[in-house]
Amino acid sequence: MKKILLVGNGAREHVIAETLKRSPQDVKLYAFGKATNPGILELAEEYQVGSLSDFTELKAFAAKIKPDFAIIGPDDPIADGAGDALLEYDIHCASPLSIVARLESSKSFTRDLVAKYEIPGNPKFQVFYEENGILDFLRELGDDYVVKADGLAGGKGVKVAGDHLHSHDDAMEFAREAISKHGRAIVEEKLVGPEFSLMSFADGKNIVDMPAVQDHKRAYDGDKGPNTGGMGSYSDADHSLPFLKPEHIKEAHNITQKTCEALFKETGVLFKGIMYGGFMVTKNGVRLIEYNARFGDPEAMNVLPILKTDFVEVCEAIINGTLDRINIEFEKKATVCKYVVPEGYPDNPVKGEKIEIGEIPKGVKMYYSSVDKREDGVYMSGSRALAFVGIADSLDEAEKIAASALGCVSGPVFYRNDIGTKELIKQRIDMVDEMFG
Ligand code: GLY
């Protein structure tokens, strides 16, 4: 029997819970989250609601459970040291310690690391601790610049020329704000091209990639509207994406492998967990947008349901540094994930509104996200509420399966209709075809 502690209560953690419970081993799951996720509740032996920022309750729960290992889903507790806190009780995690989780929590750390170890993938960039020099660098970049705040900012830490910034004055203002809040701002060259996520299991030395996924950050159809945590995502049956060439995945893998090695050289600590690279295909090759130190949400819902290998074994190999000794396989299936979110999301979402979930068509997977189960039903907390996933031999079929469930949710919600559709995917393919002539 294996006792596993799962930290977090979103859809990403719901699919992690489901995948752990699919193990052929006898798994007893213990969940710790800041709200009650009805899906995780059903799978767990015990579910404790508590703070994800102060680890006193988490440590007490873990000390009582004495799990064989833990896995932490969300970025904030990983960055704040939940893994370090659990290690005080000799509980190892398939999630990184905070010093190596800086890969996500400090964008300047990652840019500097990649530059120092001469890893390909960085755009032109400079890190600024004060205003001096920013304008000169912006002038060098011309109209194509991005300004990033150096810390976890819930998706609000990056502003891009043309989208959010319309002049060097705008860029200076955001950089000043970032310096005063986070101590640093990063100014980078703006890259153009389609993005993809390549998540890899990492044990500090070995890297095993999951199928590539494309997430959709914008709130509305046609990639319009404000940036969100991700409105939906897809992955293809060949584990690549329709607009990628085989060398793109190889380049991304190489960046992740080298970054993993560099992290150890730099910190003396092995990165054990998920290295999730946000990459972009550009005219000049694959570029690194950013790293996250956890599964992507929604991307976890594309890859984990098709993981054939026992996930418990994978987590143990991450912890023990033995990823090179197991064969990790995914089903050759396409997947499409579509999120249902509260009206007004992401800027002014309705909160505390009840939703009714009708009968979900057969074959659709449903994951609960930012909701709270109360005695009289399920209430939205203000962020992404429910995710539906279709799995099939082709993207077209998977899209239709996921879409068939969207109308089953009643309440003040909306969703994107276009994720995983032929029309939207064709736009990405055309973009890359144009780029390479
Ligand atoms: N898919 C976006 C994220 O997980 O941060």
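Numbering starts at 1 and runs along the sequence shown. Order of appearance sets the numbers: ligands from 1, and atoms from 1 within every ligand.
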**Prompt:** Would you call R428 and D223 a salt bridge, using N to O less than 4.0 angstrom?
**Reply:**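 Looking at D223 together with R428, the answer is yes, because their closest N to O distance falls below 4.0 Å.
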**Note: R218-D163 ion pair, threshold 4.0 Å (strictly below)** =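 Salt bridge flag = yes for D163 with R218.
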**Message:** Go through it in stages, so that I can follow the logic: the residues are E299 and R12, the test is salt bridge (Lys or Arg N to Asp or Glu O under 4.0 Å), and I'd like the CA-CA distance, side-chain angles, deciding distance and then a yes or no.
**Reply:** CA-CA 8 Å; E299 291 95 327; R12 166 182 45 210; over 6 Å; no
**Asked** R12 to ligand 1: N or O pair under 3.5 Å?
**Response**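 No, there is no polar N/O contact under 3.5 Å.
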**Asked** Is any N or O atom of K217, backbone or side chain, closer than 3.5 Å to an N or O atom of ligand 1?
**Response**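 No - when backbone and side-chain N and O of K217 are compared with those of ligand 1, no distance drops under 3.5 Å.
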Where ligand 1 meets [X] - atom numbers and elements under 4.0 angstrom, heavy-atom basis:
X	result
G229	1 (N), 2 (C)
D215	1 (N), 2 (C)
R294	3 (C), 4 (O), 5 (O)

**Plane angle bin for F279 and Y291 - parallel if under 30°, tilted between 30 and 60°, otherwise perpendicular** =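 Aromatic pair Y291/F279 classed perpendicular.
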**Asked** How does E299 reach ligand 1, by side chain, by backbone, by both or by neither, if only non-hydrogen atoms under 4.0 Å count?
**Response**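 For E299, the contact with ligand 1 is made by the side chain alone.
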**Prompt:** What ring-ring contact (aromatic ring centres under 6.0 Å, His included) pairs are there with at least one residue in residues 225-252, not counting sequence neighbours?
**Reply:**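 Every pair satisfying ring-ring contact (aromatic ring centres under 6.0 Å, His included) with a residue in residues 225-252: H216-Y234, H248-F436.
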**Asked** Picking from L97, I318, V100, what satisfies side chain to side chain contact (heavy atoms under 4.5 Å, CB included) with F271?
**Response**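 Among the candidates, only V100 passes.
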**Which residue and heavy atom of the protein sit nearest atom 2 (C) of ligand 1, plus the separation** =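 Checking every protein heavy atom, the shortest distance to atom 2 (C) of ligand 1 gives Y276 OH, 3.2 Å.
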**Prompt:** Below 4.0 Å from any atom of ligand 1, is there a heavy atom belonging to G296?
**Reply:**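 Flag set, G296 near ligand 1.
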